[in-house]
Amino acid sequence: MLISDDTFEPGARNIPPALLPGGDLSSVVFFDIETTGLSWRTSHLYLIGAAWMDGSVWHIRQWFLQKPSEEPGLLDQFSDFLKGFSRLIHYNGQTFDLPYLRHKYSFYRRSCPLDAPESTDLYRLLQPFRKLFSLSSLKQKDVERLLAFPRQDRMDGGELIGCYREYLQTGSEELYRLMLLHNHDDVLGMVSLLPLLACPALFRGHFAAADALQAGDELQLLLLPELPLPLPLRAENELCSLAAEGNHACITVPGVRETMKHFFPDYKNYFYLPLEDTAVHKSIGIYVDAEHRQKAKADTCYQKTEGLFFPQPAVRFQPDFYREYRQAPSFFRIENSWPGNEQELKNYACDLLQRLL
């Protein structure tokens, strides 16, 4: 077994610890594995790369098997190494790396070290943002290009399998260098992606709702992300649009001028007046001729209001209005006291952001 140690500087310097779940870089290890196939039964693990931060210095270590029979020893060394960390970070490791390693540890009757640390899959965190990033694929190399990560490796995992098989026959130093380089760039590439976690952080509510402005028939929500966005975000749907960059974000919500209906939930206490196309409480309706009134139903227990309305994915502001009974979305009107407090505005912004994904 060959072990290679090195230090490096991540492409994105001064990475805020708040980008990571748990918020502590000192207890985190990034890792990636290389195997000779997808099935743990018919393939071998031949390379593991891990990166971690010690003080202010980033380290990378790679364990390389010169022959497949060293596989149990590699698992033992990796198990001992992981004892110093409380969180694993990987890229799509939930689908491949973790299950593969668990099966290998079980096959060799070793205790699996992967269950004690917390686990973060960068692929799954970034997956909802593929369209916002304008990516047709979420392969790690494609995501790295968003941040101009200077990858030197030009091979893929499938090509490396042939390299390793040839290495077993020849012991070629050049093949060894190429395999380490690929794994090296995969691990460092993961570290370079950390700034992108500011995007899911924004959509999870890590922002301050700075202000809400009405400009004509539009509502503008001004947000201050807690973490700087490493690239501009633009998104739009039928309810709103988002423009975000750096430490600023703005959600624009177009309003609609029309007649909306507010439905009363306790319809059994109302009469519906067909001629007026409105519902009135029974305390008033009893004075209307019986032939001009009827018991209200859930879908006829409403009063109409004309004006400027703004959509809300969830009912955050009352009174709520609809075009028709149970026809989403709900709408609200701007009142003098709106939005009430910052938390209400923040909840509304979060609802809109989630609809943009």
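Because the structure is a prediction, the values reported are computed rather than measured.
With hydrogens and angles ignored, the 3.5 Å screen pairs a side-chain donor or acceptor of His281 with a backbone N or O of Ser283. Under a 3.5 Å cut-off, the side chain of Asn237 and the backbone N or O of Cys240 do form a donor-acceptor pair.
Residues forming a side-chain contact (heavy atoms from CB on, under 4.5 Å) with Asp351 (at least two apart in sequence, or on another chain): Pro313, Ala314, Arg316. Qualifying side-chain contact (heavy atoms from CB on, under 4.5 Å) partners for Lys304, counting only residues two or more places apart in sequence or in other chains: Thr259, Lys261, Asp277, Tyr302.
With respect to the salt-bridge test (charged N to carboxylate O, under 4.0 angstrom), the residues Lys141 and Asp156 do not qualify. Between Arg323 and Glu258 a salt bridge is recorded (basic side-chain N to carboxylate O distance below 4.0 Å). Ion pairing between Asp142 and Arg145 holds under the 4.0 Å rule for side-chain N and carboxylate O. Salt-bridge annotation for Arg151 and Asp153: present, with a side-chain N of the basic residue lying under 4.0 Å from a carboxylate O of the acidic one. Looking at Glu174 and Arg177, a side-chain N of the basic residue comes within less than 4.0 Å of a carboxylate O on the acidic one, giving a salt bridge.
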Output side-chain donor-acceptor pairs under 3.5 Å for residues 124-131, partner residues at least two apart or in another chain, one line each.
| from | atom 1 | to | atom 2 | distance (Å) |
| --- | --- | --- | --- | --- |
| Gln127 | NE2 | Tyr123 | OH | 3.4 |
| Arg130 | NH1 | Leu135 | O | 3.1 |

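A centroid separation of less than 6.0 Å is found between the aromatic rings of Phe317 and Phe332.
Val315 and Phe263 end up in the same hydrophobic cluster when Ile, Leu, Val, Met, Phe, Trp and Tyr side chains are linked at under 4.5 Å.
More than 12 heavy atoms of other residues, nucleotides or ligands shown are found within 6.0 angstrom of NE2 on His262.
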